[in-house]
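Only one structure is covered here, and it is reproduced in the block below.
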Amino acid sequence: MALCDEYLLVDLSMEVVPPGTEERPFVTTRSLLHDATTKYLISTHTHVGTHLEGPLHFFEVGKDLADFPLSAFWGRAWFLDIEKVPEDRLLTEAFLAYRLEGKVAPGDILIARNLDEETVSRFNTTKDRSLLPCFTPEAALWIRDRGLKMLGIDHLVRLGKDVAATRKLHEILLSADILLLEGLANLKAVQENPFFLIAFPYKARGIDSSLTRAVALVRR
């Protein structure tokens, strides 16, 4: 796991295990190349595992990820730590401002992290996603207006309370070329705040999103 004597790489990516699920398949079929070495045919889609979403995910003629410079996929990242989920479950503009105003700067990345053990335990037992905190469209405007370039979540935070709110968040952020990083994992393993995040996508044309290996670069 060591990068050098000064830094460590911490894996923040989900492990994808074939055949996946009905909703998020990852079916592999072994085959051979012309020289009799192995290849695998993969049947999946662009939202399986840890993945980046770009404007083409929401807008029919939006940018794909190959249109973005490499600098869009790495940088200083701040945790939005949610020690206690609000009673209404909403991560509002005021919630973000109270915790992050004066800290984040243009070009930074925001990663939401649910540290409310009681809520997480209830969710793990019931699988009721309505228990989880969710962003409001107004919070998305706060993120946009501060010039952040990426918002990341794991499965313990929602992008909106319902489909309409989630679509509005996508519209606000992706129209401003703010990328979404979904399906993160292992966030508690990072003790620094801020830290350095790296999440490069495939360099592929014409796809809305891409699998990524997201990692945190932290000091020992």
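Within 6.0 Å of OH in Tyr202 there are 12 or fewer heavy atoms belonging to other residues, nucleotides or ligands. Within a 6.0 Å sphere centred on CZ of Arg24, other residues, nucleotides and ligands contribute more than 12 heavy atoms. By the neighbour-count criterion of 12 heavy atoms within 6.0 Å, atom CZ of Arg213 is sparsely surrounded, having that number or fewer from other residues, nucleotides or ligands. Around atom CZ of Arg129, more than 12 heavy atoms belonging to other residues, nucleotides or ligands sit under 6.0 Å away.
Judged by the 6.0 Å distance and 45° axis criteria, Arg99 is positioned over the aromatic ring of Phe95.
The pair Glu6-Arg219 meets the salt-bridge criterion, with a side-chain N (NZ, NE, NH1 or NH2) lying under 4.0 Å from an Asp/Glu carboxylate O. Classification of Arg205 and Asp67 as a salt-bridged pair holds, one side-chain N sitting under 4.0 Å from a carboxylate O.
Taken to the nearest 0.5 Å, the CG atom of Leu174 stands 8.0 Å off from the CG atom of Leu169. One finds the CG atom of Leu110 at 11.0 Å from the CD1 atom of Ile153 (value rounded to the nearest 0.5 Å). A distance of 4.5 Å separates CG of Leu115 from CG of Asp81, quoted to the nearest 0.5 Å. Once rounded to the nearest 0.5 Å, the distance linking CG of Leu131 with CZ of Phe123 reads 8.0 Å. Between the OG atom of Ser210 and the NE2 atom of His57 there is a distance of 13.5 Å, given to the nearest 0.5 Å. Atom CG of Leu173 is separated from atom CD of Glu53 by 10.5 Å, given to the nearest 0.5 angstrom.
In this structure, the ring of Tyr7 has its center no less than 6.0 angstrom from the ring center of Phe196.
Counted by atom type alone, Trp78 and Asn193 present zero donor-acceptor pairs between their side chains at under 3.5 Å. Judged purely by distance below 3.5 Å, without hydrogens or angles, the side chains of Ser209 and His51 never pair a donor atom with an acceptor atom.
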For a side chain to side chain contact (heavy atoms under 4.5 Å, CB included) check, start with the C-alpha distance between Val48 and Val16, then their side-chain angles and the critical distance, and finish with the verdict.
CA-CA 8 Å; Val48 173; Val16 178; 4.0 Å; yes

Using the rule given for side chain to side chain donor-acceptor pair (under 3.5 Å), can you reason through Arg89 versus Ser130, listing the C-alpha separation, both sets of side-chain angles and the distance that settles it, and then say yes or no? CA-CA 8 Å; Arg89 313 299 178 190; Ser130 69; over 6 Å; no

Report task. For side chain to side chain contact (heavy atoms under 4.5 Å, CB included), just list the numbers for Leu65 and Leu52, CA-CA rounded to whole Å, side-chain angles, deciding distance to a tenth of an Å, and then say yes or no. Result -> CA-CA 8 Å; Leu65 293 171; Leu52 277 166; 4.1 Å; yes

field: Residue pair Ile198, Phe73: steps toward the side chain to side chain contact (heavy atoms under 4.5 Å, CB included) verdict
entry: CA-CA 6 Å; Ile198 306 167; Phe73 309 117; over 6 Å; no

Worksheet entry | side chain to side chain contact (heavy atoms under 4.5 Å, CB included) evaluation trace for Leu217 with Leu9 | CA-CA 5 Å; Leu217 180 64; Leu9 287 174; 3.9 Å; yes

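Both Phe200 and Val218 are part of a single hydrophobic cluster, where members link through side-chain heavy atoms under 4.5 Å apart. Hydrophobic cluster membership is shared by Trp74 and Leu8, with clusters built from Ile, Leu, Val, Met, Phe, Trp and Tyr side chains linked at under 4.5 angstrom. Follow the hydrophobic side-chain contacts under 4.5 Å out from Phe68 and you never reach Leu56; the two are in separate clusters. Taking hydrophobic clusters as Ile, Leu, Val, Met, Phe, Trp and Tyr residues chained together by side-chain heavy-atom distances below 4.5 Å, Leu148 shares a cluster with Ile172. Tyr98 and Leu90 are members of different hydrophobic clusters when ILVMFWY side chains are connected at heavy-atom separations under 4.5 Å.
Within the 3.5 Å criterion, the main-chain N or O of Tyr40 finds no donor-acceptor partner in the side chain of Thr28. Without hydrogens or angle criteria, Asp108 side chain to Val104 main chain gives no donor-acceptor distance under 3.5 Å. For Trp142 (side chain) and Glu138 (main-chain N/O), no donor-acceptor pair under 3.5 Å exists by modelled atom type. The backbone N or O of Met14 sits less than 3.5 Å from a side-chain atom of Thr50, completing a donor-acceptor pair. A donor-acceptor pair under 3.5 Å is formed between the side chain of His45 and the backbone N or O of Glu23. No donor-acceptor distance shorter than 3.5 angstrom exists from the side chain of Arg113 to the backbone of Ile82, with no hydrogens or angles considered. Ser13 places a side-chain N or O within donor-acceptor distance of the main-chain N or O of Ala214, the cut-off being under 3.5 Å. Judged by distance alone, the side chain of Asp64 and the main-chain N or O of Gly206 form a donor-acceptor pair under 3.5 Å. With Ser121 contributing its side chain and Glu117 its backbone, the two residues share no donor-acceptor pair below 3.5 Å.
Leu100 places a side-chain heavy atom less than 4.5 Å from the side chain of Leu80. Put simply, the side chain of Arg76 does not reach to within 4.5 Å of the side chain of Phe195, judged on heavy atoms. The shortest side-chain heavy-atom distance between Thr44 and Val27 does not fall under the 4.5 Å cut-off. Side chains of Leu132 and Val157 form no contact here, defined as non-hydrogen atoms less than 4.5 Å apart. Counting only heavy atoms from C-beta outward, the side chains of Thr166 and Val163 never approach each other to under 4.5 Å. Residues Thr29 and Ile42 form no side-chain contact, since every pair of their non-hydrogen atoms from C-beta on lies 4.5 Å or further apart. Side-chain contact between Lys161 and Phe135 is absent, with no heavy-atom pair separated by less than 4.5 Å. Between Ile143 and Leu151, some side-chain heavy-atom pair lies under the 4.5 Å cut-off.
In terms of heavy atoms, Val85 sits closest to Asp116 at N-OD2, 2.8 Å. A pairwise comparison of heavy atoms in Pro86 and Leu91 identifies CD-CD2, 4.4 Å as the closest pair. Pairing each heavy atom of Gly160 with each of Cys134, the nearest pair is C-CB, 3.6 Å. Of all heavy-atom pairs spanning Leu12 and Ala216, the tightest one is CD1-CB, 3.9 Å. Glu118 and Lys84 get closest at one heavy-atom pair: OE1-NZ, 4.0 Å. Taking both residues in full, the closest heavy atoms of Thr212 and Pro201 are given as OG1-N, 4.3 Å, listed atom of the first, atom of the second, then distance.
Evaluation of the side-chain hydrogen bond (donor to acceptor under 3.5 Å, both in side chains) test over residues 143-157, restricted to residues two or more places apart or in two chains, returns Glu101-Arg146.
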List the atom pairs, donor and acceptor, that lie under 3.5 Å between side-chain atoms in residues 177-191 and the rest of the protein, sequence neighbours left out.
unit_1: Asp177; atom_1: OD2; unit_2: Lys63; atom_2: NZ; d: 2.8
unit_1: Asn186; atom_1: ND2; unit_2: Asp11; atom_2: O; d: 3.0
unit_1: Gln191; atom_1: NE2; unit_2: Lys188; atom_2: O; d: 2.9

